[in-house]
**Student:** 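I'd like to ask some things about the structure below.
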Amino acid sequence: QVPLTASMLAAALPQEQKQMLGERLYPLIQDMHPTLAGKITGMLLEIDNSELLHMLESQESLHSKVEEAVAVLQAHQAKDTAQKKG
Amino acid sequence: SNGSNINWPPEFRPGEPWKGLQNIDP
């Protein structure tokens with residue numbers, strides 16, 4: 001697969017840019033967290049495209065952001081569960 | 001408002017159009 005570049009992104013519409021980034025990020029995230037991959041990818045797509053490109057190039061950077069996103073997601077879900085219990 | 005939103009975050013599904021960001025300026 002051809003690596004995604006900034007110039008490739010620049011040629012696309014904003015909505016398409018996120019789609020392209022998501023398609024590249026998803027399989028990498030799925031390797032780390034198979035059941036949460038869709039949600040984590042959705043969260044990470046809120047980040048700037050330039051940083052997302054960097055994450056695609058740097059395993060270390062991607063890994064740390066994914067772990068950050070998982071922590072936020074779990075805290076969010078725990079809060080929801082607590083609220084439902086009353 | 002407590003800011004809670006059980007639908008957050010939007011889920012990305014490969015092969016489907018991404019609709020998570022509806023408010024991007026063209």
Side-chain angles (χ1 to χ4, degrees), chain A residues 1 4 9-52 55-56 62 65-66 68-86, chain B:
Chain A
Q1 201 175 22
L4 197 59
L9 281 184
L13 296 170
Q15 195 79 15
E16 291 171 346
Q17 293 172 2
K18 294 293 184 185
Q19 179 81 30
M20 291 160 79
L21 287 161
E23 296 284 356
R24 303 294 177 120
L25 285 167
Y26 184 87
L28 303 174
I29 296 169
Q30 201 177 25
D31 283 345
M32 299 179 217
H33 293 277
T35 56
L36 295 173
K39 291 279 186 191
I40 296 169
T41 308
M43 288 172 77
L44 294 187
L45 287 177
E46 294 174 6
I47 299 172
D48 279 354
N49 289 355
S50 58
E51 191 166 348
L52 292 172
M55 286 157 58
L56 283 170
L62 176 68
K65 281 288 178 191
V66 167
E68 219 174 276
V70 169
V72 172
L73 184 59
Q74 287 176 342
H76 178 76
Q77 288 175 341
K79 201 177 83 177
D80 274 344
T81 306
Q83 279 175 356
K84 276 174 197 157
K85 280 181 184 169
Chain B
S1 163
N2 58 21
S4 178
N5 178 4
I6 56 164
N7 293 320
W8 182 92
E11 188 163 358
F12 180 87
R13 296 173 194 273
E16 292 183 19
W18 171 240
K19 293 176 182 169
L21 294 164
Q22 302 284 3
N23 300 321
I24 295 180
D25 290 330

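Proteins come first, then strands; the chains are lettered A, B, ... in the order of their sequence lines, and each starts at number 1. Everything numeric in this text was worked out from a predicted model, so none of it was measured. Heavy-atom basis, side chains included; hydrogens, waters and symmetry copies ignored.
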**Student:** With sequence neighbours left out, what residues match Glu16(B) under side-chain contact (heavy atoms from CB on, under 4.5 Å)?
**Tutor:** Arg13(B)
**Student:** Please name all residues satisfying side-chain contact (heavy atoms from CB on, under 4.5 Å) with Glu23(A), sequence neighbours left out, ordered by chain then number.
**Tutor:** Gln19(A), Phe12(B), Pro14(B)
**Student:** At what distance, to the nearest 0.5 angstrom, does CH2 of Trp8(B) lie from CE of Met43(A)?
**Tutor:** 3.5 Å
**Student:** Ignoring hydrogens and geometry, is there a side-chain-to-backbone donor-acceptor pair from Gln15(A) to Trp18(B) under 3.5 Å?
**Tutor:** yes
**Student:** Any idea which heavy atoms bring Pro9(B) and Lys39(A) closest together, and the distance?
**Tutor:** O-NZ, 2.9 Å
